[in-house]
**Student:** 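Structure incoming, see below.
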Amino acid sequence: MALINEHFLKLPNNYLFADIAKKVNAFKATHAKADIISLGIGDVTQPLCPAVIETLHKATDEMAQQATFRGYGPEQGYDFLREAILKNDFLPRGIHLDISEIFINDGAKSDTGNIQELVRWDNSIAVGDPIYPVYIDSNVMIGRAGVQEGGRWSNVIYMPCTAENNFIPQIPDRRVDIIYLCYPNNPTGTVISKEELRKWVSYALKNDALIFYDAAYEAYIQNDSVPHSIYEIRGARKCAIEFHSYSKTAGFTGIRCGYTIVPKEVTASTLKGERIPLNHLWNRRQCTKFNGTSYLSQRAAEAIYTPEGKKQVKATIDFYMKNAHEMKRALTSLGLKVYGGEHAPYLWVKTPHETPSWQFFEEMLYGAHVVCTPGVGFGPSGEGYIRLTAFGQQEKTQEALHRIENWLSR
Ligand SMILES: *Cc1c(COP(=O)(O)O)cnc(C)c1O
């Protein structure tokens, strides 16, 4: 008899976006003619840029010829892309990485979920709250998160990120083994300053902790006073692993490509106290469980580092950020407290009069026919907030803002 991994059974079945879809469908059943605008789901809408499309066509043609056909590539990714990453994403910021510290992935979700395999099941973990659900759920599956009680996992240290602390968690008052941070943040759209990030690196070094740093929205940062990478902080290469993704940067949610940085100096201990480099373990793990990101995806990613590619990718990000600024301006002028949206495509809005997230979601759906994401779906500290995304079409976003305006001033 095969026994299952019962940790999976602890995961609640209801998935946030499925719950939202259910409520939207219930609304549609009684309002057949209503034209609903979604500012809810965090997927991009703009097509791939011309530089990427051109490269994809070219790479496809290479696959059609015996002489240029490619089969399995290196598990760590092709050097042409790893070199482009070194040269464009890190060297200009004074960060010197070795090519062997870069692992090309098929999007950051896989690696942010898988990285926890490298450490024992009984390490303690701390997460910012609200949070991208992958970090906790991947720890639940291996039994590290404990059991769920009242919307919280018993072995997870929740670090509240609210307006009161400017969405920067407080440094834990005890030792923690592993810390997940995500900046610019999904869902709150807020950022961390170098000064604040320095405190985290120094905590990790002092306490021999690891930081798993998700930089999926780094490309949305509008000026260099905000850190694009944790390695801008001295000492981070001894304690941090960083995740990048081309999904939000260049509309790769369907293409699938990103990368993970595992510096050679990052180590963790055996029970006997021997220090083991995680770069070596991750490489071993990837060679066993991952057979590389597709050649086409990697060529497509390389194309965004060409001068045309850079310009085109920036134009799309500017397009989304224009939405974000419009949204922030309009919602603020309605008297709402709006956070984020300056270095990220997300706005985090405080519901008026302490209205619970799900109640506000329904009121806005029925009152304005606009869909948002209830903040509490991202963690207990998200209660009393909603998330809006700037990934929509411009006209639809404008229309949604008009409707919210009419609804709130009724
Ligand atoms: C979208 C997103 C990712 C990246 O997902 P991909 O697998 O690269 O598409 C990673 N982290 C966060 C917080 C995200 O919102």
Side-chain angles (χ1 to χ4, degrees), residues 15-17 20 39-46 48 52 77 81 85 89 102-116 125 127-139 159 161 167 169 179-192 211-221 227-230 240-261 286 289-290 292-294 297-298 300-301 304 313 316-317 320-321 324 340-341 343-348 373 375 377-379 381-382 387-392:
Y15 179 56
L16 176 60
F17 291 101
I20 291 174
L39 299 178
I41 280 196
D43 197 357
V44 296
T45 56
Q46 298 305 294
L48 295 169
V52 165
L81 179 55
I85 290 166
D89 288 348
I102 301 178
F103 295 85
I104 307 301
N105 62 37
D106 60 354
K109 188 190 236 183
S110 320
D111 283 9
T112 52
N114 290 329
I115 195 73
Q116 47 77 31
I125 65 167
V127 298
D129 167 35
I131 189 194
Y132 181 57
V134 175
Y135 317 144
I136 291 184
D137 288 1
S138 57
N139 279 285
M159 306 184 293
C161 298
F167 303 96
I179 298 147
Y180 287 86
L181 294 176
C182 173
Y183 288 102
N185 188 261
N186 178 13
T188 66
T190 56
V191 293
I192 192 165
I211 297 176
F212 294 157
Y213 195 77
D214 188 342
Y217 294 91
E218 163 274 318
Y220 288 81
I221 293 172
H228 289 256
S229 163
I230 195 169
I241 290 175
E242 181 168 279
F243 307 92
H244 288 252
S245 166
Y246 298 111
S247 283
K248 319 302 168 13
T249 303
F252 274 38
T253 50
I255 293 277
R256 312 305 304 145
C257 192
Y259 62 89
T260 298
I261 306 290
Q286 290 297 83
K289 295 196 179 181
F290 185 61
T293 304
S294 87
S297 296
Q298 294 189 62
I304 73 170
V313 162
T316 304
I317 289 173
Y320 293 136
M321 288 313 290
H343 303 282
Y346 297 120
L347 285 85
W348 191 243
T373 313
F378 298 101
S381 296
R387 189 192 73 176
L388 298 175
T389 87
F391 284 132

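Heavy-atom basis, side chains included; hydrogens, waters and symmetry copies ignored. First listed ligand is number 1; within each ligand, the first listed atom is number 1.
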**Student:** Taking the six-membered ring for Trp, is the centroid-to-centroid distance between Tyr217 and Tyr346 below 6.0 Å?
**Tutor:**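 Yes.
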**Student:** Quick check: does Lys248 get an N/O under 3.5 Å from an N/O on ligand 1?
**Tutor:**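 Yes.
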**Student:** Any non-hydrogen side-chain atom of Pro169 less than 4.5 Å from a side-chain atom of Leu181?
**Tutor:**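 Side chain of Pro169 against side chain of Leu181, heavy atoms only: contact under 4.5 Å found.
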**Student:** Looking only at distances, please establish whether an N/O atom of ligand 1 is found under 3.5 Å from an N/O atom of Ala108.
**Tutor:**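 Min N/O separation from ligand 1 is below 3.5 Å for Ala108.
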**Student:** What's the shortest distance from atom 7 (O) of ligand 1 to any protein heavy atom, and which residue and atom give it?
**Tutor:**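 Ranked first by proximity to atom 7 (O) of ligand 1 is Arg256 NH2, 2.7 Å.
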**Student:** Any idea which atoms of ligand 1 are less than 4.0 Å away from a heavy-atom of Cys182?
**Tutor:**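 Ligand 1 atoms under the 4.0 Å threshold to Cys182: 13 (C).
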**Student:** Looking at Ile192, Ile221, Asp214, Ile230, which hits side-chain contact (heavy atoms from CB on, under 4.5 Å) with Tyr183?
**Tutor:**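 Filter result, single survivor: Ile192.
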**Student:** With heavy atoms of Lys109 as the reference, note each atom of ligand 1 found under 4.0 Å away.
**Tutor:**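 Contacts of ligand 1 toward Lys109, numbered from 1: 5 (O), 6 (P), 7 (O).
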**Student:** Quick check: does Ser110 get an N/O under 3.5 Å from an N/O on ligand 1?
**Tutor:**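 No, since none of the N or O atoms of Ser110 sits under 3.5 Å from an N or O of ligand 1.
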**Student:** Under 3.5 Å between some N or O of ligand 1 and some N or O of Thr253?
**Tutor:**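 N/O-N/O distance under 3.5 Å: no.
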**Student:** Would you please determine whether Gly258 falls within less than 4.0 Å of ligand 1 on a heavy-atom basis?
**Tutor:**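 No, Gly258 has no heavy atom closer than 4.0 Å to ligand 1.
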**Student:** Does an N or O from Asp214, backbone or side chain, lie closer than 3.5 Å to an N or O of ligand 1?
**Tutor:**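 Yes: some nitrogen or oxygen of Asp214 is under 3.5 Å from one in ligand 1.
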**Student:** List every atom of ligand 1 that sits less than 4.0 Å from any heavy atom of Ser245, numbering the atoms from 1 in the order shown and giving each element.
**Tutor:**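 Ligand 1 atoms under the 4.0 Å threshold to Ser245: 4 (C), 6 (P), 8 (O).
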**Student:** Can any side-chain N or O of Ser245 pair as donor or acceptor with the backbone N or O of Gly107 at less than 3.5 Å?
**Tutor:**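 A pair under 3.5 Å: no.
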**Student:** For Glu218, which of His343, Lys248, His228 qualifies under side-chain hydrogen bond (donor to acceptor under 3.5 Å, both in side chains)?
**Tutor:**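 With Glu218 as partner, His343, Lys248, His228 yield a single side-chain hydrogen bond (donor to acceptor under 3.5 Å, both in side chains), made by His228.
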**Student:** Between Tyr217 and ligand 1, which part of the residue brings a heavy atom under 4.0 Å of the ligand: side chain, backbone, both or neither?
**Tutor:**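 Side chain only.
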**Student:** Flag Tyr346 as yes when one of its N or O atoms lies below 3.5 Å from any N or O atom of ligand 1, and as no otherwise.
**Tutor:**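 Between Tyr346 and ligand 1 (N or O atoms, distance only) the closest approach is not under 3.5 Å.
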**Student:** Looking at Ala324 and Ala344, what are the two nearest heavy atoms and their distance?
**Tutor:**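 Smallest heavy-atom distance, with atoms named: CB-O, 4.3 Å.
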**Student:** Could you tell me whether the side chain of Ser297 and the main chain of Ile255 form a donor-acceptor pair under 3.5 Å?
**Tutor:**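 It does hold such a pair.
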**Student:** What is the minimum heavy-atom distance between Cys257 and Phe252, and which atoms define it?
**Tutor:**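 Taking Cys257 first and Phe252 second, the nearest heavy atoms are CB-CD2, 4.0 Å.
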**Student:** Starting from atom 9 (O) of ligand 1, find the nearest protein heavy-atom neighbour and note its residue, name and distance.
**Tutor:**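 Its nearest protein heavy-atom neighbour is Ser247 OG, 2.5 Å.
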**Student:** Considering non-hydrogen atoms only, spot the tightest contact between Leu48 and Ala250 and give its length.
**Tutor:**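 Of all heavy-atom pairs spanning Leu48 and Ala250, the closest is CD2-O, 3.6 Å.
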